[in-house]
There are 2 protein chains.
Amino acid sequence: MEETTPGGRRPTMADVAKRVGVSRALVSLVFRNQPGAGEETRRRVLEAADELGYRPDSAARLLARGRSRTIGVMLTLHQPFEADLVEGVYPEAERLGYDVLLSASAPGRDESKAVEALLSHRCEALILLGSTASIARLDELGRRSAVVVIGRTARGANVDSVHTAEGKGVRQVVNHLVELGHRHIAHIDGGKEPGAAERRRAYRAAMRRHQLTEEIRVVPGAHNEDAGIAAGRLFLSEERLPTAVFAGNDRCAMGLLHTLGRAGIDVPGEVSVVGFDDSHLSHLSHIDLSTVRQDAVRMAEHAVRFVVERLDDSTLDPREAVLDPKLVVRGTSAAPPSATGSAGPDDCRCSPRGHRAGH
Amino acid sequence: MEETTPGGRRPTMADVAKRVGVSRALVSLVFRNQPGAGEETRRRVLEAADELGYRPDSAARLLARGRSRTIGVMLTLHQPFEADLVEGVYPEAERLGYDVLLSASAPGRDESKAVEALLSHRCEALILLGSTASIARLDELGRRSAVVVIGRTARGANVDSVHTAEGKGVRQVVNHLVELGHRHIAHIDGGKEPGAAERRRAYRAAMRRHQLTEEIRVVPGAHNEDAGIAAGRLFLSEERLPTAVFAGNDRCAMGLLHTLGRAGIDVPGEVSVVGFDDSHLSHLSHIDLSTVRQDAVRMAEHAVRFVVERLDDSTLDPREAVLDPKLVVRGTSAAPPSATGSAGPDDCRCSPRGHRAGH
DNA sequence: GCGCTCTACTAGCGCGCTCTAGCTGCGAGT
DNA sequence: ACTCGCAGCTAGAGCGCGCTAGTAGAGCGC
C-alpha cells in the first residue's frame, strides 16, 4: 500500500509513470477516467500508484485545469441545523463531481474572512449558511463567483437563495395552536438571524388573521438556548404565562423547555411550545418537540444544483428555491389548560385562570 | 474595490504587475511581506491589487512553495465541543502563519474519506477531532504527515495527542459527589466515543477507592442527548433512582436533565447530575450544569503547536499533552435527599427512601 | 577614477498537473 | 497497393505562483 519515494517527497505522477514505464500523460488519463488508455495499462498504473501511495495533488490539478470544481461552504459551526445541511451538501456535490471545502466563521473570524479563505482556495462556488452579510456585499460576491445563500432571502443581489417558506410554516404553527384553543401565543424571535424577520412578520400576520391582534407578543431573542432561557424567565416573572410559545428555532425552544421544566411548569399541560427547524434536537425521542420541519437534505441539494448550474451558465438570473415546510406535531403542543374544545372567535382577552407555578 | 479583468478571468499577479508597471516578482515580494520593495511601490502595488480585486491563488502558491502551510482539521460537526476546538485552532494557526481547512465526517462520508480530502488538498498537518480510527490507521497517517488527535490517546502510533486527564476529572466528580453524601452514583458511558473508555475506567476506580464497589453502575450510552434520555427512562423505570448520575458528556447530561425534568424529578434535590466538557451548553445561565471543564482553546493551541513543531522536525518522538480538567460545580449537584452532612464511610447499601416521582 | 556595498528591482525556472496536438502501428476499405 | 480511421500512447506548453541568481544604479571611501 505504501513505499517511500526516493527523497521522502510525496510521490507524483512522474514517479508512477516511471514505475510503470509509460508517460506522465497516460497516468493523467487513467486518473481522470478518460478514454485513451488500454485496459491492461490502466490496471498497471493504478497498481503502481497504490504501491507508491500516490494521491493526485489537487492544488496542481486545480491550477492546471481552468476550473477547480470546488464548492466552498461557509458555516458557523454552532447551529445543528447547519450540520444537517453540510451532510446534505457532501453527497450531492460528489455526485456532480465537485469537491467541498468548509470554512467556519467564529468570534474573531468574521464572515468575510471565512469567505476570503474559501475564495483564495479557488472555490468557484460558495454556499453560505447563516450568512448575515448585507445585500450589497452578497451582490459583490455574486459577481465574483456563483453564490447561493441558504436560510434567507437575497433579493436584489446577484445570488441564488434556498430557504423555507417561513411564512407558511409559521402560519401552520399559529393555525395549529389556535385550533387547539390557544389565544395567548407568544413568539420568541431570532433578532437578526437568518429567517427571523420573516418568521416574526408571519407570526404577526397570522395572529391578525385570527383576530388575535391584541394578543400579539414578540419577545426579542436569538436562535440559541440562552434566548429561550431568558424568555422563559421573563414569562415566569410575569403575572401569567402565555398558553403557547412559538420559539424562533429549536435551540431556543430547548432553552425554554428547560426553564419551564425546572420551574415545574407542565408542557404541554400548561404551556405549549413549538420550535422551528426540526434539527436533530427535536427528533430526540423524549424531547419530542413540535416543530416546523425544514428538509435539510433537499435544501442542500437545491443549493448545490443551483451553484453548479450557475457555473455552467453565469448569465442565469438569480433564482430562489422556496421549500414548503411542514408542521410536525409532537408532544409539546396540546390544548390550553381550560379549553375543552376549540375556542370560539369571541374576543375575551382574559385567560380563564392565572398560571404561575412556584419554583 | 473591483474591476473586471479583460476576459473575465480572475486577476493574477501579472495583471497587477502590468497595471503598476513593475515585474511579477515585485508583486510577489509585496504580497509575501518580504523586504526588497520600496515603500512607495509597495503602496502602489497593494492599491492596484485592490482595484483589480486580486487575491493570491493559494493553489498556485502551494504548488510553487514546497510547503503548503495548511493544517487540515477533521471533525464530526455534531459535538459542540468540537466547534469550540475549531474556534481555538483558527487564531493559533493564523498566528503561526498557517492556513486551516475543515473536512467533516458524516454518515456516508467516513473518517478516512474526510481525511483523504484534506490530504489531497495538500494539508501537511492533520488535527483529528473525535477520531475513532485504529492505532494502525493513525500510525500510517502519522508517517505520511504530521498528525495530532484531540480528545483521545494514541499510544503506539506515530502521532501526537492532546487530551484531558480524564481520570483526574472523573475522580474530582466522584469525590465531589461522595463528599456531598452520595453513594448511589451511576455513570452513563460514551460507548466507543473518544475518551469514553478512560472515563468509564476512572469512574470504576474512583468508586472502588471510596469503598463503593457495590454501587458501581455503568449504563451503556453515547455522547449525545438520546443516550441521556434513554438512561433517564431506564432509571425512571426502576424501583429507585440513583442519587447522582455522572453523564459521559454534556450533551448526554442534557438529555438526562430533560427526561428527569419532565418526570417531575427535582435536580439537584432528588438527583444530582454532572456532565463532562463544559461546552457552550453547560454555560447556559439557567441550565447551570455541574461539569468538568476542558479548556478547548488551550487544547487547540497545543494541538496546533504540536503539528507545527513536528513539521519543523519530523524526527520528534510522539508527544502527549494531558491537560488538567477542572470540576466546575454549578447548580445540578447537591447533597442527596436524606443527607444532612457528609455521609460516613459505613457500608449501608440501602438508600434512605425510595424515589420515584409520578409523571 | 576605481571597487565596494546596499537597495530596488527583474529574468526565468520549476512546482505537479491538464490538455491540445500529434505520433505510431494496425486492421479495414477501395 | 494506398489511404483512412482509430485505439493507444507521448511531447510539451502553460496554469499562477515562489524563489534563486542576477542586474542597474545610487552612495561611499580612497
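From a predicted model like this one, the values you see are computed outputs, not experimental measurements. Computed from heavy atoms alone, side chains included, the values below leave out hydrogens, waters and symmetry copies.
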Verify the neighbour count for atom CZ of B:Arg67: are there more than 12 heavy atoms of other residues, nucleotides or ligands below 6.0 Å?
yes
Could you say whether A:Pro56 or B:Val22 is positioned toward the 5' end of DNA chain C, judged by the nucleotide with the nearest heavy atom to each?
B:Val22
Nearest-angstrom distance from the residue atom CZ of A:Arg55 to C1' of C:dC17
16 Å
Would you tell me if any nitrogen or oxygen in the side chain of A:Ser28 comes within less than 4.0 Å of OP1 or OP2 on C:dC17?
no
Could you give the distance from CG (A:Asp15) to CD (A:Glu51), rounded to the nearest 0.5 Å?
13.0 Å
Quick one: A:Leu29 CG to C:dC19 P, roughly how many Å, whole number?
10 Å
Salt bridge A:Asp57-A:Arg61, side-chain N to carboxylate O under 4.0 Å:
no
Give a yes/no answer on whether the side chain of A:Ser23 brings an N or O atom under 4.0 Å of OP1 or OP2 in D:dT10.
yes
Whole angstrom value for the distance that separates C1' of D:dC15 from CE of B:Met13
14 Å
Take atom CD of B:Gln34 as the centre, draw a 6.0 Å sphere, and report whether it contains more than 12 heavy atoms from other residues, nucleotides or ligands.
yes
To the nearest angstrom, how far is B:Arg122 atom CZ from C:dG16 atom C1'?
7 Å
State, to the nearest 10°, the angle formed by the axis through the first five base pairs of the helix from C:dG1-D:dC30 to C:dT30-D:dA1 and the axis through its last five.
60°
Counting side-chain heavy atoms from CB outward, which of C:dC9, C:dG16, D:dA11 is closest to A:Ala25?
D:dA11
Whole-Å distance, A:Lys18 NZ to D:dC9 P, equals 20 Å
Quick note, A:Arg61 side chain, CB onward, closest among C:dC17, C:dC19, D:dG16 is C:dC17
Whole-Å distance, A:Arg69 CZ to C:dC17 P, equals 19 Å
When you measure from every atom of DNA chain D, which of residues 31-40 of chain A have a heavy atom less than 4.0 Å away?
A:Gly36, A:Ala37, A:Gly38
Is a side-chain N or O of B:Glu111 found less than 3.5 angstrom from the main chain of B:Thr132, in a donor-acceptor match?
yes
SB check B:Arg44 B:Glu47 (cutoff 4.0 Å):
no
What's the closest nucleotide to the side chain of B:Arg24 if the choices are D:dG16, C:dC13, C:dT10?
C:dC13
Check this for me, if you would: do B:Glu140 and B:Arg144 make a salt bridge, where the nitrogen-to-carboxylate-oxygen distance has to be below 4.0 angstrom?
yes
Check: B:Arg155 main-chain N/O paired with B:Thr153 side-chain donor or acceptor under 3.5 Å:
no
Between C:dC17 (C1') and A:Leu26 (CG): distance, integer Å:
15 Å
Taking B:Arg122's backbone N and O only, do any of them form a donor-acceptor pair with A:Arg10's side chain (distance below 3.5 Å, no angle check)?
no
Heavy atoms from C-beta onward define the side chain here; which of C:dG16, D:dC19, C:dC19 lies closest to that of B:Arg65?
D:dC19
How many whole angstroms separate atom CG of A:Leu63 from atom C1' of D:dC15?
4 Å
Which part of the nucleic acid does B:Ser58 contact within heavy-atom distance under 4.0 Å: base, sugar-phosphate only, or nothing?
nothing
Between A:Arg109 and B:Glu94, is the closest basic N to carboxylate O distance under 4.0 Å?
no
